[in-house]
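Structure, as structure tokens:
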Amino acid sequence: MSPSRTPAPRRSPVGARPTHAVHLLGGTEGPDGDDSPSADTTAYARSLAQGLTARGARITVCSRHDPTLRHAFTGTGADVRMLRGRTEAETAVSLRAVCQDADLVHAHGPHAGLLAALALGSGRRCTPLVVSWHAPPGPGPGPARPTRADAARELVVRLLARRVARAATVVLGATTALVDAARRSGARDVRLAPAPIPLEGPRAGPRAGPPDDGADGAEALLHKVRAGIGALDRPLVMAVGRLDGRSGHETALTASRAWRGLDPPPLLALAGEGPQRAALQRRIDREALPARLLGRRDDALRLLAGADVALVPGRCQGRSLVAQEALRSGVPLVAADGGGVPELVSDAAVLVPWGDADSLAAAVQTLLTDQGRRAELSRAGRARARTWPTEDDAAAQILSLYDELTEAAAGR
């Protein structure tokens, strides 16, 4: 299906019972006691819920941890349930009650998939279980010299992935690498299902790119955004991600040393929260780095759209929400090579070796001093983004899968 075409919403025939799908976000607790859904997962699930309800499906969204989920799904037409239970077993019982009249369950992430498999159990009335893998199971690339605890955790993650992959009726991978990983884990049926980012209204375009419709309003927004973070009269280099030591922020701070000699020196802005915030701030202060921690920002993607250069310094295994937003907004992107990023961006971004601060610094400095190259990447990024599946494409694909699975289950 061409990304430019919008499929007509499919609604259930008059008198027919709508398909009821229970979507589960989050699941069992992670090592730090919190497995609330990521911003990427929540954005995708919200978009999907809105598209599916518009096509006549009944969607119930469940979560164990995130108290803000109800607000996030306002206006989608989905029913939102908070799962109760202090233990995994109690939460599974709570989910089982929600799933009593469900035609299928769609879990977002392996942890959610495990909880769904427990809730459905062995006598699960042949209720199909769909599990979306937006990123590999586990926390992602770890330290260069893993400890015994790291190795033990990795083993647990592999066992979790194997159990969930084998329990699922269908596993949906956001990238071909995730599809391959699910197959290696023993999944019976694995399919590629890229997760597009949702459209959230007009965005400010890059300074070097050609003006779009509504350029005056975009420029006003750009001016306001940059003034608010202290980058009105200097280039803005921006990254968005959890401050957890795995998003590449240390590499970005090291790279920023090389930019201090530019006139004016660019500001490196890092949007996000996490356990490494204090350590990163101490380093910024100690080394007098041209960087600022913005904290958690609901408007992080809008801020990103006002940057001169966007960064994805960590190795992102799934379809990076930041990379998608940067290219769609026409912001030149510098990203760590590996994971799902090369497949996503092709030649519309500058890729550098993961963890190589010198290469990252050189790539950013080249872009900041070469307006023509920034404009070239801006055009290439927007062109690449037009090739990605739209939200309508994603909803249509998922609804077709639901129809296939529920018809198969009814025929057993």
Side-chain angles (χ1 to χ4, degrees), residues 1-10 19 21 23 25 37-57 59 76-78 104 106-109 130-136 170-182 187 189-201 203 301 304-305 310 312 316-331 333 335 339-349 379-405:
M1 180 180 298
S2 171
S4 63
R5 296 181 59 189
T6 301
R10 190 216 70 168
T19 299
H23 285 224
L25 281 71
S38 68
D40 295 32
T41 298
T42 301
Y44 171 64
R46 185 189 189 284
S47 170
L48 203 56
Q50 189 165 23
L52 292 172
T53 55
R55 288 165 171 77
I59 304 298
T76 63
L104 57 86
H106 189 158
H108 296 268
V130 178
V131 181
S132 285
W133 282 17
H134 306 293
V170 175
V171 174
L172 301 176
T175 68
T176 54
L178 293 174
V179 168
D180 292 340
D189 187 344
V190 191
R191 309 185 192 186
L192 180 65
I197 54 175
L199 292 168
E200 297 177 348
R203 289 167 166 78
L301 295 183
L304 182 76
V312 178
C316 182
Q317 299 297 329
R319 283 177 68 89
S320 167
L321 181 64
V322 175
Q324 290 185 73
E325 179 63 25
L327 266 62
R328 197 174 72 181
S329 300
V331 179
L333 173 68
V341 171
E343 177 183 338
L344 177 69
V345 304
S346 187
D347 58 355
R379 291 189 294 270
R382 287 192 169 109
R384 178 65 178 172
R386 287 193 291 269
T387 70
W388 296 334
T390 66
E391 292 179 88
D392 280 326
D393 293 335
Q397 178 188 13
I398 296 301
L399 187 58
S400 177
L401 172 64
Y402 288 0
D403 288 343
E404 173 190 336
L405 295 180

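At least one side-chain heavy atom of W388 sits less than 4.5 Å from a side-chain heavy atom of L344. Side-chain contact between L327 and V345: present, with at least one pair of heavy atoms (C-beta onward) separated by less than 4.5 Å. The shortest distance between side-chain heavy atoms of L172 and H106 falls below 4.5 Å. Taking 4.5 Å as the limit, every side-chain heavy atom of L178 sits out of range of all side-chain heavy atoms of V171.
Residues satisfying the side chain to side chain contact (heavy atoms under 4.5 Å, CB included) test with A45, not counting sequence neighbours, are L25, F73, H108. Every residue two or more places apart in sequence or in another chain that forms a salt bridge (Lys or Arg N to Asp or Glu O under 4.0 Å) with E404 is listed here: R191. With sequence neighbours excluded, the residues forming a side-chain hydrogen bond (donor to acceptor under 3.5 Å, both in side chains) with R46 are Q50, listed by chain and number. Every residue two or more places apart in sequence or in another chain that forms a side-chain hydrogen bond (donor to acceptor under 3.5 Å, both in side chains) with T41 is listed here: S38. For S400, the side-chain hydrogen bond (donor to acceptor under 3.5 Å, both in side chains) test picks out no residue, with sequence neighbours left out. Under the side-chain hydrogen bond (donor to acceptor under 3.5 Å, both in side chains) criterion, T175 pairs with no residue at all, not counting sequence neighbours.
Closest of all the heavy-atom pairs between A335 and V341 is CB-CG1, 3.8 Å. G109 and V131 get closest at one heavy-atom pair: O-CG1, 3.9 Å. Listed here is the closest heavy atom pair of S329 and A305: OG-CB, 3.7 Å. The minimum heavy-atom distance linking V170 with L405 is given by the pair CG2-CD2, 4.0 Å. Nearest heavy atoms, L52 versus A395: CD2-O, 3.7 Å. Shortest non-hydrogen contact noted between L304 and A310 is CD1-CB, 3.6 Å.
Distance CD1/I398 to CG/D393: 11.5 Å, rounded to 0.5 Å.
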